[in-house]
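What follows is a set of notes on a single structure, which appears directly below.
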Amino acid sequence: MPTSRATIRTRLTSRRTAQVLIGFALALVLIAIWVPQQGRASVAEREAWATRWGPWLAAAVRFLGLDRVFSGPWLIILALALVAMIAAMVQSFRVAAARTRAAPEASPKASALRPDVSADDLRGLLRRKGYVLMSRSADGERYVKYPWGYWGGFVLHVGMVTSLLAILAVVGTEQRGGVGLALGQTFRPQDAWDVQVRDWTGAGLRLPWDVRLDAVRPTFWPTGELRRLESELTLFTPKESRPVRVGVNSSIVVDGIRIYQDSRFGRAFVVAFTDASGATTQVAMRLLHPPDLSTPSRDTFEDVGIPFQVDAKYLPDADMDSMASEEPLLTLRLRKGARVVGEARLRAGQEARLGPYRAALVAFPWWSRIIAVSQRGVPLLSLGFALILVGGAFVYLTPFRETTLVSREGSFTVSWKGSRFAETYADERVAILSFTEARAHEPAANEDLAGGAPTQDAQAHGARAGRAQRGGRESEERDRRG
Amino acid sequence: MGVAQSIETSIVIQWVAVIVYVVATILAVVGVAFDDRRAKVGSWIAAAVGLTAHGAALVIRWVAAGHGPYMARHEVLSSDAWVVLAAFLVAAWLFPKVRPASIVVLPVTFLMVALANLQDPAIKRLPPTLSSIWLTLHISFYKIAFGTMVIALGASVLCLIKARARAPWTGGLPAVDASDALAYRFAGISFTFWAIGMLAGAIWAYFAWGAFWSWDPVETWSLLTWLLFGFYLHLRRFYGWKEERAAVLYLVCFLVAVGAVFFVGYIEASLHSQYFRS
């Protein structure tokens, strides 16, 4: 039998299809984060990845197009997943709207209202328990507790779709650059970043101004740990210069670009190496600021203009007194391979013999690293997250339940329906259905929970229900005591 | 009160709280096993007293440290335990059916506090990257998520005990389907709060260094845990997993969560290492 278009549409928009597509999309996004993508990662980064994970895996990744998830055929899966989520969102809207507008309808399990109680008694109980009248027809009424719970699924879906679109926008449009600057150093738009992330078109971040580092201001706790780090910068264009200040957790936005203070900073030591002939080579060595007074920061420098490796060790204060001292202690070791040629300690303005050289500590300005980011979609992402939170709250914290009264042959039938977690508010169901001839007798399990016997409670409550006001109050008190 | 004295006072009070929690546990077990109302009431009173003392200890340390209890391992464990019990007491007030889970929640609480007291109590100063309201929200939501997770654990354990044990004392436990429903609901609540915690962390990271997500090991394991819980909820919602099968899966999820929260930061280098390592 030929498959109808309706059947195809049903299958394409079915929950199983949506789950499979979303699962695929999630896997692709994770792969895209693991595998450097063409256009975003540099050739060097992709080669480093191939070296690390092996040529066979790299070849397989290229063959399958997993290094072009956002710019190749796999984009179709991502698009279909988005379509599936949108279809699910539309479907959840229809379901929520239908539930909200639904007319009162007796359930097959409805029970008749007990002859000794009135519909007004039940209405009073429902109101006290927070039920509101949602719909009324000629012969029935539908009361709902937490009617917004109908919309939890829809709000969740809207949040997920919004967040997904925003994430794609943020990731796709993000341009990022990080650079370490020494005091007085200027970074120009045409200069190369130390680290860079390009957007989906392959374009890197190009600042519209020169940036000069004017000051680095670290402050420390009495115990020596870093308390605050700020940098003062000047942004230059041909027309103006703007002094700005950035700090850790205190970024600024200038011309749509957010500038961050990285937590990495230290001293940029400049050491003059003078050989026997009097020729001097100045070597610049940037070291991270040590974590405390007694733990040095270390690094090794090669290809610095002299035919040796330089091992450098830096303590913040030669007198071991202050983390922000202007008397740092620099220890240098000169090596050729494993053979140590010389070692020297230098303080401000000092010089010492270091292998075949006279080494002098010329300068040691602070250096600091700034990060600049340009991206779009962040406000939309915030909105998406907020909607997910609201939807989750509706679904898990305020699940809806309904009580329907339908008049029949001079009396009423009552039915109760819960959504998720119905067992967690069984007492509420028992209290409501105790007004019916079914008396809502629950199996022994529930009788253990409240430290008493809801069945007995329900019977006692029902006997007093003829005195409507008092019966309702006692039931609530029993519910409260659990 | 000096810092050293504050630390010492805080630890002493916490040990007192441990003893009170143990008393509460014993009373809870007796109350549930023998359906003894007085023992049950006694356990709630003891838990409330212990929680108050424990809270005072945390406040003393908070004032001395100048920041919330989220830096050193000692204060992280202690504050997590406090939130677990506080969340449980609130849940027990709102949902009386969850009260028998006290036989799981109370032991978890006192074990965490005892473990905290065995850690180095030295105060760690707040680095500049952690000076943010988003960090406070991030950690608070994770603590609440963990608290509700332990409640769901309690309900799952009750479900398994009731389903498998035939001893007379289990008669006082909730029915399998009732515990199962509670486990489901609290798992959903913890899933939501875990998500909120991750989102708050991402926002903090964005304002701190411009990247919502850095694939830090702790971040990655947190995401994997969340996905695993999502998988659990999905199986329950759409494939009808429930009762024993769901309870066993929940135990696995919980163990992964414990690993993600308490162990990954020690095993792997991470942005969170300065937060986790004492």
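In this text, all values refer to a predicted model and were calculated from it rather than measured experimentally. Proteins get letters first, then strands, A, B, ... in listed order; numbering begins at 1 in each.
Both the backbone and the side chain of A:Asn249 come within less than 4.5 Å of a heavy atom of chain B. There is no contact between B:Ile123 and chain A, counting heavy-atom distances below 4.5 Å. Residue B:Leu227 touches chain A through its side chain alone, counting heavy-atom pairs closer than 4.5 Å. Looking at B:Phe141, neither its backbone nor its side chain comes within 4.5 Å of chain A, counting heavy atoms on both sides. For a residue to count as touching a neighbouring chain, one of its non-hydrogen atoms must lie under 4.5 Å from one of that chain's; by this rule B:Tyr206 touches chain A with backbone and side chain alike. Looking at A:Ile259, neither its backbone nor its side chain comes within 4.5 Å of chain B, counting heavy atoms on both sides. Only the side chain of A:Arg258 comes within less than 4.5 Å of a heavy atom in chain B; its backbone stays farther off.
Ion pairing between a basic and an acidic side chain is recognised when a charged N comes within 4.0 Å of a carboxylate O; A:Glu174 and A:Arg198 show no such pairing. Of the charged side-chain nitrogens involved, at least one lies within less than 4.0 Å of a carboxylate oxygen, so that A:Arg401 and A:Glu428 count as a salt-bridged pair. In this structure, A:Asp427 pairs ionically with B:Lys97, as a charged nitrogen and a carboxylate oxygen lie closer than 4.0 Å. The existence of a salt bridge linking B:Arg236 and B:Asp180 is confirmed by a sub-4.0 Å separation between a basic side-chain nitrogen and an acidic carboxylate oxygen.
One distance of note links CD1 of B:Ile7 with CG of B:Asp120; it measures 8.5 Å at 0.5 Å rounding.
What you find for B:Glu75 and B:Tyr70 is that their closest heavy atoms are OE2-N, 3.6 Å.
Residue-level contacts of residues 371-378 of chain A with chain B, in order of numbering, are A:Ile371, A:Val373, A:Gln375, A:Val378; threshold 4.5 Å between heavy atoms.
Within the 3.5 Å criterion, the main-chain N or O of A:Lys129 finds a donor-acceptor partner in the side chain of A:Lys145.
Put simply, the residue from B:Trp44, B:Trp93, B:Phe146 that forms a ring-ring contact (aromatic ring centres under 6.0 Å, His included) with B:Phe88 is B:Trp44.
No more than 12 heavy atoms of other residues, nucleotides or ligands shown are found within 6.0 angstrom of CH2 on B:Trp134.
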